[in-house]
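Proteins come first, then strands; the chains are lettered A, B, ... in the order of their sequence lines, and each starts at number 1. Note that this is a predicted model, so its numbers are computed, not measured.
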Amino acid sequence: MPDPITPVVVGSSTPGTGRPDEDLLAGLNAPQREAVTYRGAALLIVAGAGSGKTSVLTRRIASLLRTREAWPSQILAITFTNKAAGEMRERVQQLVGDTAQGMWISTFHSACVRILRREAEQFGFTKSFTIYDSGDSRALIKRLVKEHEADAFGLTPASVQSRISKLKNELADAESYGRSANMSDPAERLFVEIFGDYQRALQKANAFDFDDLIAQTVYLFRAFPHVADVYRRRFRHILVDEYQDTNHAQYALIHELTRPPSGAAADRFESGGMMIFDAPPAASPELSGASLTVVGDSDQSIYAFRGADIRNISEFERDYPGAKVVLLEQNYRSTQTILSAANAVIGNNFDRKDKKLWTDVGAGEKIVGFTGYSQHDEAQFVADEVETLRKAGVDYAGMAVFYRTNSQSRALEEIFIRSAVPYKIMGGTKFYDRAEIKDALAYLVAVANPADELAVRRILNKPRRGIGDVTETAIARFAAEEGISFRDALANASALGVGPKIQKAIAHLDAVLVEATAIMLPASGEVAPPTAVTDGLNVLLGKSGYLDALRISKDPQDEARVENLDELVAVTREFARNNPDGTLLDFLTEVALVSDADDLDDATGSVSLMTLHTAKGLEYDAVFLTGVEEDLLPHRISAGEPGGPQEERRLFYVGITRARKRLHLSLAMTRAQFGEVTVAMPSRFLQEIPHDLIDWRQSPGDVNSRGGMQSRALNARRPGGGFGGSGSGGNRYGDELVPLPQRDRPASDISKFANRIPAKVRDNSDLELAAGDRIRHEDFGEGRVDMVTGEGAKRIAHVRFDSAGPKKLLIKIAPISKL
DNA sequence: TATGGCTGCCTTTTT
DNA sequence: GGCAGCCATA
């Protein structure tokens, strides 16, 4: 991503002071400089959107290195995604060259995996532990819920999973939670049992789930202070980005790392454990805690649902007394128009410190608003506008489309394909979520970590080998009787008491696993060649019969599955190229921790499509924010959650502030949700934007007006008057739109205001129309049907009106009649 | 044991 | 409109 700070300062204010980091300060404003150069135990950088925080962070690291205040190995920088980590590393490298080698720049999860791999043996795991993604843990929890017949008490796998996750993020375990829970409630007791079983199963499988990676590292540090000391001595400068999105476990981890080493470790014999408090830090710098820099913006906190605790940032000064706070408010990204919209929106959140982004680049283009008849109509607008911008010289790669939920990407994708707009979906149905990829990875896990029973069970009958429930149970029973693992039981096919055909199948599977193991995990002393993972995977997929089964299948989807597996093989090759010493476990770790935002091959001339959450931290010349509707943004489910609507508003704010030059806000009047067409209402957030900032190409009133008062949702009169009908006007499409936000409007009023559904929804489902028919529309008058597209509830009539010109109408709801 | 058809639920957002 | 899980059947 380009550096938002253009180093233009020629006559710098501190010329030739001879600081070794002089050049790093070029072009920075005063607070940015301070954020780079401040030295002290704790620093909080409150960085508004687009205020150049990444630049400040990288320069701060570069400055520490350049001035020799730190060795690279003493720096630990935590980012939110692997992609952000990669970019930060690259930028630091640009500033200081190869000196950057040896820094830890990674996500919380990657850093914890590195620590856990080294220390796993301290507490009952082995180096070769594997990582359960949410699908894996859901499968395990599902089994446990079933075993405990817990569904009878209203415990669903999903609810159990999310509760366990929340508890782990609070550093609770089954035992500690059980002490405080109301154990007379059978559902609670059951939950605690399942939680405990789940944890034991993970341990037995030598596996951690996502939340464990953090929580168990904290546990490790607390239980084994001498282990923690190793890392406390090593990391002298800890920097955390996106601090507003850290949860309690992550907070605790940072807290553990920044404590002074206890000094009890053997290699510090002179301290005797007593010098911690009286040793002067200068004389013995290793005894003080690491310096901590955190960067964040509470207005961009959008992960509360996953346990992020905004208090981590709002109470930073309390947690780290004497902490320095630097505020970055000048924005280097967006036009004033975009910032004014953003400021106005976020100003409606009441529990925040007031902070106003500003810029000196000028007002720029107005925000473009558009209301489609349907989500397809909306998508068509986006596609058309993308093409217009492209012709005006904006790169496809400089444009992005955001939406609240992944499912919204479908309509956009359809239209983009039809309109031949190159696009790329970030996230969505992930490559690694596909069944065949998970199967292939399960084969690899079965080799890397045979203790992982879930993985072995997964591949047991893939491809079909005639091994069903009965045989699976027989294997498990045999393993239990003999006191061996499920995996090892496979080596004793003849002893299982199953038929000869099935014995043979099991023996074959075992042989394939053994062969692959020999390739990927050679006996000690030998080193696996870089091609080991690729070769092993080919053996597993080939000799197991997995690929053959797909190839002879009649299901046309299986062809795509073979291609996906080919791609996975290609991924292993790529991995080997980038990591010549990379082991099977390294590969599996990387795969487990990649995220949606990490899709590295961005650029290459396509428009990016992604959820608002994925968009955080990115920026584009032109941004399309779609589906700005009630129940979608803010999402319906958020209404019932404490702080939900405010978090949704922050999400909207994050979306707005991604735009550099152009912002488009769009919505649809109807939206198909699970097959049914439902009427959508404009989002309450729209009216929080001063309406003179928006140029409506087609306003909600244009689309929905049927001469009456029923549908003017945005203009509905408040109970008690206020302002109505016309008046503040100002946009050329009349006054349908958005009165200026009224100060101190009570919250209850807002919800009443925006949510009103039009009096009645017309249903023309059974109206038969064909090209050539004449129709009458309540607003547009008479016209002739050019053609009808779509089916069922989504039939669209393309009509040429005698006076109003061509329009597309959703037949189901349009106020029309056949003549 | 494999398959196919049915039903019901679903959709927030992610490391 | 899609997927997962359940059940009935071969």
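Set against C/dG5, B/dT15, B/dT14, the side chain of A/Lys142 has C/dG5 as its closest nucleotide. Comparing B/dT15, B/dT14, B/dT11 against the side chain of A/Thr614 picks out B/dT14 as the nearest.
As a whole-Å value, the separation of A/Ile302 CD1 from B/dT14 P is 9 Å. Taking atom OH of residue A/Tyr403 and atom C1' of nucleotide B/dT11, one finds them 14 Å apart after rounding to whole Å.
Ring pair A/Tyr620/A/Phe402 is perpendicular by interplanar angle, where above 60° counts as perpendicular and below 30° as parallel. Ring orientation note: the planes of A/His664 and A/Phe624 are close to parallel, at an angle under 30° on the 30°/60° scale.
Between B/dT11 and A/Asn406, no contact under 4.0 Å exists linking OP1 or OP2 to a side-chain N or O.
The minimum heavy-atom distance between A/Leu509 and A/Arg465, with the atom names listed, is CD1-NH2, 3.4 Å.
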Pick out the pairs of N or O atoms, protein on one side and nucleotides 1-6 of chain B on the other, that lie under 3.5 Å.
| unit_1 | atom_1 | unit_2 | atom_2 | d |
| --- | --- | --- | --- | --- |
| B/dT1 | OP2 | A/Gly468 | N | 2.9 |
| B/dT3 | OP2 | A/Arg464 | NH1 | 2.4 |

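Proximity of A/His109 to A/Asn82: side-chain heavy atoms (C-beta onward) are nowhere separated by under 4.5 Å.
For A/Arg650 and A/Glu647, the salt-bridge test passes: some basic side-chain N is under 4.0 Å from an acidic carboxylate O.
Nucleotides C/dC6 and B/dT11 have their C1' atoms positioned 22 Å apart, rounded to a whole Å.
If A/Tyr303 and A/Ser407 are placed on DNA chain B by their nearest nucleotide, the residue sitting closer to the 5' end is A/Ser407.
Using a 4.0 Å heavy-atom cutoff across all strands shown, A/Thr611 reaches sugar-phosphate atoms only and no base atom.
Counting non-hydrogen atoms of other residues, nucleotides and ligands closer than 6.0 Å to CD of A/Glu559 gives a total of 12 or fewer.
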